> 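First the structure, which I've put down as structure tokens, then a few questions once you've had a look.
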Amino acid sequence: MSMIIPESGQSFAGRKRRIAFASLLLIFVLFFLVSIPGACAQEYVARDLTIELEDGLQTDAQLTLPKSGTGPFPGVLLLQGSGTIDMNEYLPPEVTGSDEPSRPFLQIAEHLSSRGIAVLRFNKRGVGLNGTILNASIVANSTYQSYKSDAEKALAILRAQPEVDKNDITLVGHSEGAIVAPRIAREDAEIRKMVLLSAPAGNLRDNLQFQRQTRPLLYAEEVIDSNHDGLLTIAEVEATMGTPGESLAPLQAIGLVMWNNTTEEHQWHSVITSDRRGNLSIRGDLEPLIKKQVQPMLSNESVKASPWLASYFALNNTTDIIGDVSASILILQGENDTQIPVREAMLLEQKLTEVKHPDHTLIIYPGLGHSFHPSKNWIQPLGPMEEAVLEDLYAWLTSPDRRMREGAG
């Protein structure tokens with residue numbers, strides 16, 4: 001087992017290269033750079049595919065392959081996070097923190113396939129490119145079981161491609177995909193490697209409660225409450241208005257205050273009760289309000305009305321099953337992830353250590369969030385993945401340690 005915390009903005013693999021070559025004369029630097037595997041990326045080619053699901057359903061997929069080199073190539077299947085997400089894991093400009101969308105799974109496919117690895121990715125059922133909903137009924141009735149079934153069909157397609165080494169297959173799951181991936185790998189001993197990105201360790205119910213209830217309270221305490229006295233003032237809330245990324249904050253000013261045209265100043269929303277000095281107690285007043293909003297969503301009635309929630313709430317914790325996965329395991333986690341906090345990755349790593357899993361690695365990235373894009377102060381743009389993360393993923397997949405693990409199996 002190994003746990004790695006790279007310096008900010010630097011990949012583990014890249015740091016090792018810099019240390020190794022630090023003493024070389026400048027005249028030799030270019031020679032060694034072109035000698036590093038992957039430093040001169042090959043081009044890749046793309047093949048559009050259709051995956052036959054059940055009951056006549058289909059979904060689009062794409063296989064990216066190295067343009068040159070001798071196959072069969074190692075294969076990777078990408079499993080994306082929750083929502084109406086396409087094969088590229090398209091994220092719109094509203095959440096990326098810029099004027100541009102991001103496509104993390106396309107980044108992964110391009111990075112790996114230009115370096116000798118075949119990658120298959122597919123649209124979720126009922127979804128088209130850029131998250132377009134093609135069939136709302138199919139999307140509304142999607143469940144953990146349907147996602148797992150679709151992923152297994154995609155896995156079969158990947159293995160059937162003549163350019164792919166069916167004995168060297170890796171599952172890569174992000175967020176929701178990191179719930180599905182270990183449950184497939186546990187049942188499929190032929191999967192050699194598994195990578196979990198921003199992986200939940202517990203049940204989805206716990207994750208949602210953290211995201212909807214705990215996260216806004218922590219943001220209020222750590223960011224809005226500038227003097228950390230446990231009380232919010234109108235002035236403290238106003239100070240967050242218009243700050244960079246404020247629209248992505250877990251608790252926004254628009255949810256706390258409104259403009260009074262008569263007094264020409266902000267006041268608390270009518271549902272908020274402040275003390276006689278006009279202050280809002282975070283734990284005494286704000287927390288009950290947030291709980292009142294969140295609990296109906298997590299109630300039995302709401303869960304029964306959502307096939308997706310019901311199916312995931314019924315699962316046991318991933319920590320309960322990850323020890324049964326025989327594949328080599330890499331866990332990548334952004335330290336600033338506010339959707340799946342870093343403690344989740346630590347719990348998964350702890351479980352693997354307890355069961356003496358023979359080949360598992362955890363890498364935690366300071367300053368990166370849920371999509372492995374820079375994040376700070378609970379503001380989490382879901383922009384493109386940092387290059388350092390892609391480099392570490394490739395380095396782990398192609399490490400001789402993985403080949404030794406496969407031989408031992």
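Only this structure's heavy atoms are used, side chains among them; waters, hydrogens and symmetry mates stay out. Since the structure is predicted, the reported quantities are computational estimates derived from the model, not experimental observations. When a residue number appears, it is its place in the shown sequence, counting from 1.
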> Please report the closest heavy-atom contact between Ala151 and Leu77, naming both atoms and the distance.
O-CD2, 3.5 Å
> Testing the basics here: between Arg403 and Thr398, what is the closest heavy-atom pair and its distance to 0.1 Å?
NH1-O, 3.2 Å
> Side-chain donor-acceptor pair under 3.5 Å between Thr353 and Glu349, yes or no?
yes
> For Pro200 versus Ala178, what's the shortest heavy-atom pair and its separation?
CD-CB, 4.3 Å
> Any chance you could measure Ile331, atom CD1, to Ile4, atom CD1, to the nearest 0.5 Å?
12.0 Å
> Not counting sequence neighbours, list each pair that qualifies as a ring pair (Phe, Tyr, Trp, His ring centres under 6.0 Å) and has a residue in residues 192-241.
none
> Which residue pairs satisfy the side-chain hydrogen bond (donor to acceptor under 3.5 Å, both in side chains) criterion with at least one member in residues 117-128, sequence neighbours excluded?
Glu54-Arg125, Gln62-Arg121, Asn88-Arg121, Lys124-Glu176, Arg125-Asp150
> Test: ring pair (Phe, Tyr, Trp, His ring centres under 6.0 Å). Region: residues 170-205. Which pairs qualify, not counting sequence neighbours?
His174-His370
> Working to the nearest 0.5 angstrom, can you tell me the gap between Leu330 CG and Asp392 CG?
8.0 Å
> For the residue pair Glu236 and Ser226, confirm or rule out a side-chain donor-acceptor distance under 3.5 Å.
yes
> With a 6.0 Å cut-off (strictly less than), is the heavy-atom count around CG of Leu57, excluding the residue itself, greater than 12?
yes
> Give every residue pair that meets the salt bridge (charged side-chain N to carboxylate O under 4.0 Å, His left out) criterion with at least one member in residues 86-104, sequence neighbours excluded.
none
> Please give me the minimum heavy-atom distance between Ala118 and Leu65, naming the atom from each residue.
CB-CD2, 3.5 Å
> Without swapping roles, check the side chain of Asn141 against the backbone of Ser137 for a donor-acceptor pair under 3.5 Å.
yes
> Give every residue pair that meets the ring pair (Phe, Tyr, Trp, His ring centres under 6.0 Å) criterion with at least one member in residues 131-163, sequence neighbours excluded.
Tyr144-Tyr312
> Between Ser306 and Val303, is there a donor-acceptor pair closer than 3.5 Å when you use the side chain of the first and the backbone of the second?
no
> Of all heavy-atom pairs between Gly334 and Val342, which one has the smallest distance, and what is that distance?
O-CB, 4.4 Å
> Closest approach of Gly278 and Trp268, non-hydrogen atoms and distance?
O-NE1, 2.8 Å
> What do the steps show when you test Glu163 against Arg47 for salt bridge (Lys or Arg N to Asp or Glu O under 4.0 Å), and what is the final call?
CA-CA 12 Å; Glu163 301 92 343; Arg47 177 186 300 158; 2.4 Å; yes
> Walk me through whether Lys193 and Asp168 qualify under salt bridge (Lys or Arg N to Asp or Glu O under 4.0 Å).
CA-CA 8 Å; Lys193 298 180 280 284; Asp168 188 359; 2.5 Å; yes
> Does a donor on one side chain and an acceptor on the other come within less than 3.5 Å for Thr143 and Ser311?
no
> Any chance the side chains of Glu287 and Gln213 put a donor and an acceptor closer than 3.5 Å?
no
> Could you work out, with side-chain hydrogen bond (donor to acceptor under 3.5 Å, both in side chains) as the rule, every residue matching Thr318, not counting sequence neighbours?
Arg183
